[in-house]
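I have placed the structure first, in the form of structure tokens, so that the comments after it can refer back to it.
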Amino acid sequence: MSKLEFTINDLRRILREGAGTDEEVDLDGDILDEDFPALGYDSLALLETSARIAREYRVELDDETVTSAQTPRELVGAVNAALATTPV
């Protein structure tokens, strides 16, 4: 059985469901290296995102890891690192 992978599309969906989107931001564009504040997401929105990821993917990220992620690429990487160490 292969390990579950968290993708940028998973993050886009969870961001939209949890915190919504800023009308001026195109989440469908190349956002991997955009700063979260530039995308309209503050630390509170990221903590909500983390809670949704935890429920859906059954992986826990500590608050420091989540709030220190500056870009979607960093958050996706942190989720995948946590998934890699979580038993299936």
key: side-chain contact (heavy atoms from CB on, under 4.5 Å) between Ile53 and Val59, intermediate numbers included   = CA-CA 7 Å; Ile53 291 168; Val59 63; 4.0 Å; yes
query = For the side chain of Thr49 and the backbone of Ala45, is there at least one donor-acceptor N/O pair under 3.5 Å apart?
reply = yes
task = Without swapping roles, check the side chain of Thr67 against the backbone of Asp63 for a donor-acceptor pair under 3.5 Å.
result = yes
request  = Quick one: pull up OH in Tyr41 and CG in Leu27 and give me the separation to the nearest 0.5 Å.
outcome  = 4.0 Å
ask   = Can you find a pair of side-chain heavy atoms, one from Leu75 and one from Thr71, that are under 4.5 Å apart?
value = no
message = Quick test of your reading of the model: are Glu56 and Arg52 salt-bridged, counting only N-O distances below 4.0 Å?
response = no
key: Results of side chain to side chain contact (heavy atoms under 4.5 Å, CB included) for Glu60 - residues two or more places apart only   = Ala54
task = Take Leu83 and Glu5 through the side-chain contact (heavy atoms from CB on, under 4.5 Å) test and state the conclusion after the steps.
result = CA-CA 7 Å; Leu83 284 170; Glu5 182 180 5; 5.9 Å; no
message = Can you confirm whether Arg16 is buried at CZ, in the sense that more than 12 heavy atoms of other residues, nucleotides or ligands lie under 6.0 Å from that atom?
response = yes
task = Over all heavy atoms of both residues, which pair between Leu61 and Ala78 is shortest? Give the atoms and the distance, please.
result = CD2-O, 3.7 Å
query = Can you find a pair of side-chain heavy atoms, one from Phe36 and one from Pro72, that are under 4.5 Å apart?
reply = yes
request  = For Asp62 and Thr65, indicate whether the former's side chain and the latter's backbone hold a donor-acceptor pair under 3.5 Å.
outcome  = yes
note = Here the gap from Ile8 atom CD1 to Ile31 atom CD1, rounded to the nearest 0.5 Å, amounts to 4.0 Å
query = What distance separates Glu48 CD from Asp42 CG, expressed to the nearest 0.5 Å?
reply = 11.5 Å
message = If we ignore hydrogens and angles and just use 3.5 Å, is the side chain of Asp26 paired with the main-chain N or O of Asp28 as donor and acceptor?
response = yes
request  = For Asp10, enumerate each residue passing the side chain to side chain donor-acceptor pair (under 3.5 Å) test, keeping only those at least two apart in sequence or located in another chain.
outcome  = Thr7, Tyr57
query = So, Asn80 side chain and Phe6 main chain: donor-acceptor pair closer than 3.5 Å or not?
reply = yes
